[in-house]
K.L.:
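Please find one structure pasted underneath; my questions will follow.
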Amino acid sequence: MAEKKVTFEFAHVGINAQSPEEGALMKDFFTDVFGYHDYREIPASYFTYDNKMELMKKMGKGTMGHLGFFVNDMPAAIEYLEGKGYALDYDTAKYEEDGKTIKLIFLKDEINGFRIHITVKKAPFFAEEK
């Protein structure tokens with residue numbers, strides 16, 4: 001049986017805020033200048049309606065922020081990354097309702113000030129465009 005090829009698809013960039021006030025200013029700027037609207041709010045952030053930017057309400061992972069990537073097969077992607085020598089931060093893992101299946105995990109190290117996470121392509125980490 002052929003091994004399934006792991007694919008990575010850019011999901012979004014997460015932009016950190018230094019404080020909740022800075023987060024609100026950033027959201028207001030993106031609304032006023034760039035015309036973003038209809039944000040999808042989650043406890044830690046606002047996703048732009050096109051799902052490509054996550055405006056953090058405060059400091060999140062990474063010095064500058066994070067980059068999210070969708071994967072087609074989470075276990076295979078984890079094995080692939082670890083096989084290439086990239087350590088994963090299991091303390092950041094988010095699990096499916098079964099409590100065992102990882103649906104999101106960050107790499108341990110930053111790259112140019114950004115943490116990287118991989119996730120499955122489903123809610124709450126993904127919403128179809130309007």
K.L.:
Under 4.0 Å between a Lys/Arg side-chain N and an Asp/Glu carboxylate O for Lys61 and Asp89?
P.N.:
no
K.L.:
Rounded to the nearest 0.5 Å, what separates atom CZ in Phe70 from atom CG in Leu104?
P.N.:
10.0 Å
K.L.:
If I take atom OG1 from residue Thr92 and atom CZ from residue Phe106, how far apart are they, to the nearest 0.5 angstrom?
P.N.:
6.0 Å
K.L.:
For the pair Thr48 (side chain) and Met53 (backbone), establish whether a donor and an acceptor sit closer than 3.5 Å, ignoring hydrogens and angles.
P.N.:
yes
K.L.:
For residues Val120 and Ile102, determine if any side-chain heavy atom of one lies less than 4.5 Å from a side-chain heavy atom of the other.
P.N.:
no
K.L.:
Atom CG in Asp73, atom OG1 in Thr7: separation rounded to 0.5 Å?
P.N.:
9.0 Å
K.L.:
I want to check something: taking the side chain as every heavy atom from C-beta on, are Glu9 and Phe69 in contact at a cut-off of under 4.5 Å?
P.N.:
no
K.L.:
To the nearest 0.5 Å, how far apart are NE2 in His117 and CG in Leu88?
P.N.:
13.0 Å
K.L.:
Between CD of Glu97 and OH of Tyr95, what distance do you get to the nearest 0.5 Å?
P.N.:
15.5 Å
K.L.:
How far does CE of Met26 sit from OG1 of Thr31, to the nearest 0.5 angstrom?
P.N.:
11.0 Å
K.L.:
May I ask you to test the Glu22-Lys58 pair for a side-chain heavy-atom distance under 4.5 Å?
P.N.:
no
K.L.:
Is the centre of the Tyr39 ring less than 6.0 Å from the centre of the Tyr49 ring?
P.N.:
no
K.L.:
Would you say the side chain of Asp50 lies within less than 4.5 Å of the side chain of Tyr36, judging by non-hydrogen atoms?
P.N.:
yes
K.L.:
Any side-chain to backbone donor/acceptor pair from Glu110 onto Thr63? Under 3.5 Å, distance only.
P.N.:
yes
K.L.:
Around Asn112, counting heavy atoms of other residues, nucleotides and ligands shown, do more than 12 lie under 6.0 Å from its CG?
P.N.:
no
K.L.:
Do Met59 and Phe114 sit in one hydrophobic cluster, given that two such residues count as connected whenever their side-chain heavy atoms are within less than 4.5 Å of each other, even indirectly?
P.N.:
no
K.L.:
Out of curiosity, does Phe34 fall in the hydrophobic cluster containing Met56 (side-chain heavy atoms, cut-off under 4.5 Å, transitive links)?
P.N.:
no
K.L.:
Side-chain contact, heavy-atom cut-off 4.5 Å: Leu25 with Glu21?
P.N.:
no
K.L.:
Measure from the side-chain N and O atoms of Thr119 to the backbone N and O of Lys103, and report whether any donor-acceptor pair falls under 3.5 Å.
P.N.:
yes
K.L.:
Do side-chain atoms of Arg115 reach the backbone of Leu107 as a donor and acceptor pair under 3.5 angstrom?
P.N.:
yes
K.L.:
For residues Val6 and Asn72, determine if any side-chain heavy atom of one lies less than 4.5 Å from a side-chain heavy atom of the other.
P.N.:
yes
K.L.:
Find out whether Ile78 and Tyr90 are in side-chain contact, i.e. whether some heavy atom of one side chain is under 4.5 Å from a heavy atom of the other.
P.N.:
yes
K.L.:
Quick one: does His12's side chain get under 4.5 Å of Asn51's, heavy atoms only?
P.N.:
no
K.L.:
Run Met74 and Ile118 through side-chain contact (heavy atoms from CB on, under 4.5 Å) and show every step you take.
P.N.:
CA-CA 8 Å; Met74 183 63 78; Ile118 57 174; 3.6 Å; yes
K.L.:
With a 3.5 Å distance limit and no angle check, can you tell me whether Asn16 reaches the backbone of Gly62 through a side-chain donor-acceptor pair?
P.N.:
yes
K.L.:
Determine, for Lys57 against Glu41, whether the closest basic-nitrogen to carboxylate-oxygen distance falls under 4.0 angstrom.
P.N.:
yes
K.L.:
Verify side-chain contact (heavy atoms from CB on, under 4.5 Å) between Phe29 and Leu55, making sure each step is shown before the conclusion.
P.N.:
CA-CA 11 Å; Phe29 173 81; Leu55 308 178; over 6 Å; no
